[in-house]
Amino acid sequence: MDRPAIQFHDLHPTPADLAAEVVAALRRRPRYIPPKFFYDTHGSQLFDAITATPEYYLTRVEVQVLKANAAAIAARVGTGSLLVEPGGGSCAKVRILLEGLRPCAYVPMDISREHLRLAAEQVAAEFPWLEVHASCADFTRTMEVPATAPEGPRVAFFPGSSIGNFDPEGAVGFLAAVGTLVGPGGFLLIGVDLKKDRAVLDAAYDDAGGVTAAFNLNLLARINRELGADFDLEGWRHRAFYHEARGRIEMHLVSTRAQTVHVAGEAFDFAPGETIHTENSYKYGIEEFQRIAAQAGFQPDAVWTDPQALFSVHLLRAT
Ligand code: AVJ
């Protein structure tokens, strides 16, 4: 079967980045491995499975909010823009916007190469009029639009509350980079999970079916596979909880016993109960997030939520 024509730009981080970052992370205390390393091909599939669990409301509710307001979004943003999606590995939610926005081109950027390639080809097949320039890159390091992409007023799309992976200062830095990417007058449409009842948040990150646990533990399996490490997955378990004072979900991998693990030729000791912190997922009130965005040079244009105020979608404009 013919593959649909997409332009694929490969800026993929080399395996050396994984090795260097993981070893550095395991030498530090507290031990923190950034969540971007979850997303190998299997990890990306597990994340998609999380979004289908009953507890993980974020994706379902955001899709509802986008669908309910797609026309309003298009009316504010206009057509013919260059639509850029950092971390847009599944190209899933953008489908809701494409007919209304009719962008001159769509540029998904993602760290997970094959996941991105397949998704970009699918979206190109479904929307034959759409020009797709996929860019395989670590968007926490580079957010360049491929030189072959057409010119148009730029709109960035950053759904899923992925902004929650940054701490608030990091979020300001990332948003400022998005501001540079879209330029003055450019738009950012961003999904942000709202603060809410702890029980709802805790369940969303520790589903009864164990999909989130498998997603977290896959990080160790990936390190074993790609770095020849010897993590015994039986000796680790998933922990996730909402830290109210910090306004964030924390995910950890907990060592269930004393153990020594070898990674890239180096030995690391873990005491029972010691953790590797693998993810933060910050939650923001509406005004709280608008203040963060303002620090990065964005002004609010519109904001939409669901009737239960679980999730927010902000349209922001770079000044
Ligand atoms: C993709 C970062 C938005 O924080 O909710 C889901 C990742 N981690 N379940 C989130 C995730 C555990 C997700 N983001």
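For ligands, and for the atoms within them, numbers begin at 1 and follow the listed sequence.
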Going by the closest heavy atom to atom 13 (C) of ligand 1, which one wins out of Y205, Y56, F38?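 That would be Y56.
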Is the contact between Y282 and ligand 1 made by the side chain, the backbone, both, or neither, using heavy atoms and a 4.0 Å cut-off?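 Neither; nothing of Y282 gets under 4.0 Å from ligand 1.
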For this output row, return yes or no: ring centroids of [X] and [Y] closer than 6.0 angstrom.
{"X": "Y106", "Y": "F127", "answer": "no"}
{"X": "F8", "Y": "H133", "answer": "no"}
{"X": "F215", "Y": "Y39", "answer": "yes"}
{"X": "F47", "Y": "F38", "answer": "no"}

Counting non-hydrogen protein atoms only, what is the nearest one to [atom]? Give residue, atom name and distance.
{"atom": "atom 2 (C) of ligand 1", "value": "N165 OD1, 3.2 Å"}
{"atom": "atom 8 (N) of ligand 1", "value": "E279 OE1, 2.5 Å"}
{"atom": "atom 3 (C) of ligand 1", "value": "G160 O, 2.9 Å"}

Can a cation-pi geometry be assigned to R31 and F270, taking NZ or CZ under 6.0 Å from the six-membered ring centre and within 45° of the ring axis?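 Yes, a cation-pi geometry holds between R31 and F270.
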If you count the atoms of ligand 1 from 1 in the order shown, which ones are under 4.0 Å from a heavy atom of [X]?
{"X": "S161", "result": "3 (C)"}
{"X": "F215", "result": "8 (N)"}
{"X": "Y39", "result": "1 (C), 7 (C)"}
{"X": "S162", "result": "3 (C)"}

May I ask you to check if ligand 1 and S281 share an N or O to N or O distance below 3.5 Å?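 Yes - when backbone and side-chain N and O of S281 are compared with those of ligand 1, one distance drops under 3.5 Å.
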Side-chain donor/acceptor pairs under 3.5 Å, residues 181-195, sequence neighbours excluded:
residue, atom, partner, partner atom, Å
D193, OD1, Y57, OH, 3.0
D193, OD1, K196, NZ, 3.0
D193, OD2, Y57, OH, 2.7
D193, OD2, K283, NZ, 2.9
K195, NZ, E288, OE1, 2.9
K195, NZ, E288, OE2, 2.9

Tell me whether V178 shares a hydrophobic cluster with M109, the cluster being built from Ile, Leu, Val, Met, Phe, Trp, Tyr side chains joined at under 4.5 Å.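 As far as the 4.5 Å side-chain criterion goes, M109 and V178 are connected within one cluster.
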